[in-house]
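Everything below concerns the one structure shown next.
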Amino acid sequence: MLMKNNPVLYIVVPCFNEREALPQSHAKLAKLMDEMISQDIIAQESKLLYVDDGSRDDTWEIIERLAAENGRVAGVKLACNSGHQNALMAGLAAAVEHCDITVSIDADLQDDITVIPKMVERYKDGCDIVFGVRKERKTDTWFKRTTANMFYRLMKWLGVSTIENHADYRLMSRRAVLALLDYKERNLFIRGIVTKLGYKTDCVYYNRSARIAGESKYPFKKMVNFAIDGITSFSMKPVRLVMQVGLLFLFIALIMLIYVLCAYFMGRAVSGWPSIILSIWLVGAFVLIGLGIIGEYVGKIYTEVKNRPRYNIDTTVGLESVKS
């Protein structure tokens, strides 16, 4: 590896059905990398590494074409869709033996790539991890902005160390990536793990842009699943359904509360009836919610003890053979 003043950088870009956005994103990333190399910020051996997460469109064909046209492009194709976090881990694992530092970024380039040179400068100053943090969330809808803020507050209340308004846009040194790869759990929440690695960190701040092209790969359902520790396997769906039924019972209990209060003040309530009805609904709701929460943790344990691989690599381009 080269010295710290001229590091080899791999920009890792997970891709899923990005045929519309990828050509535009690549043009911007390739231009930025050429500028950084010409300014002697990073080494000539630096590359763009695209990870195809089992796309159903021709994303991989685009990556192969880009690699054939540009020697600074490499690609990893996963055998099937393994999820964003697993695709990111696959890219980091493939890149770590070839570079000094990695920068992970989504293919839609909503994150500002112009701060990558600042990240590299923080690395040269001695930081192993540099987080890309949004200054504000004006480009989000009111609902997404509100739920995101609630999520970060909840995580803080639960004692989980996270960087507010930081997703997966970050620089990591080689030793930080190797430390991250030592975490073998299948229910990945990378942004929570990275803060616990213990190495020196810093932040760079930027304004987020609108998506270049294509559709968001994180609709409401995926955001909810990610907030409760990522997308779970099918075997946990019955457990989660129990919890959802518990929440439904709680909602019905609140409706019954309103009905009981109305009946009481209108003089139509039979003595003892309100307390019995409310007790049945509320206790039933809390029991089912409790079972759902316990089942969630049991399901996580079930997933971990199976110790299945996070992903399987189909093929690569522009890289030596890598293992899953």
Closest non-hydrogen atom pair between [X] and [Y], with its separation:
X	Y	value
I101	P7	CD1-CG, 3.9 Å
A43	N6	N-OD1, 3.4 Å
H26	Y50	ND1-OH, 2.8 Å
A21	A107	CB-O, 4.3 Å
A95	T102	CB-CG2, 4.2 Å
I63	V73	O-CG1, 4.4 Å

Would you say the side chain of [Y] lies within less than 4.5 Å of the side chain of [X], judging by non-hydrogen atoms?
X	Y	answer
V51	L78	yes
V194	I129	yes
I11	I116	yes
Y123	S173	yes
R72	Q44	yes

Fill in the blank from the handout: Distance col, row L9:CG vs H98:NE2, nearest 0.5 angstrom, shows 14.0 Å
Exercise for the section: Look up atom CD in E64 and atom OG1 in T59, then write down how far apart they are to the nearest 0.5 Å. Expected result: 11.5 Å
Practice task
Measure the acute angle between the ring planes of F131 and H166, then classify it against the limits of 30° and 60° as parallel, tilted or perpendicular.
Solution key: perpendicular
Practice task
Determine, step by step, whether L49 and K47 satisfy the side-chain contact (heavy atoms from CB on, under 4.5 Å) criterion, reporting the C-alpha distance in whole Å, the side-chain angles of both residues, the deciding distance to 0.1 Å, and the verdict.
Solution key: CA-CA 6 Å; L49 175 59; K47 285 192 176 186; 5.8 Å; no
Handout entry: Donor + acceptor pair across side chains of Q85, R310 (<3.5 Å)
Key = no
Practice task
Determine whether the side chains of D111 and Y206 contain a donor N or O and an acceptor N or O closer than 3.5 Å.
Solution key: yes
Practice task
Treating Ile, Leu, Val, Met, Phe, Trp and Tyr as nodes and any side-chain heavy-atom pair under 4.5 angstrom as an edge, say whether L92 and Y199 lie in one connected cluster.
Solution key: yes
Handout entry: D128 and its salt bridge (charged side-chain N to carboxylate O under 4.0 Å, His left out) partner, picked from R122, R170, K200, R175
Key = R175
Exercise for the section: Would you confirm whether D53, through its side chain, and A87, through its main-chain N or O, come within 3.5 Å as a donor-acceptor pair? Expected result: no
Exercise for the section: Go through the steps for L29 and L109 under the test side-chain contact (heavy atoms from CB on, under 4.5 Å), then give the verdict. Expected result: CA-CA 9 Å; L29 287 170; L109 290 197; 4.2 Å; yes
Problem - Step-by-step side-chain contact (heavy atoms from CB on, under 4.5 Å) determination, R191 to I163 - result: CA-CA 8 Å; R191 68 188 70 174; I163 305 296; over 6 Å; no
Problem - Residues R65, E69: salt bridge by 4.0 Å N-O rule - result: yes
Exercise for the section: Answer yes or no: is there an ion pair linking D100 with R174, defined by an N-O contact shorter than 4.0 Å? Expected result: no
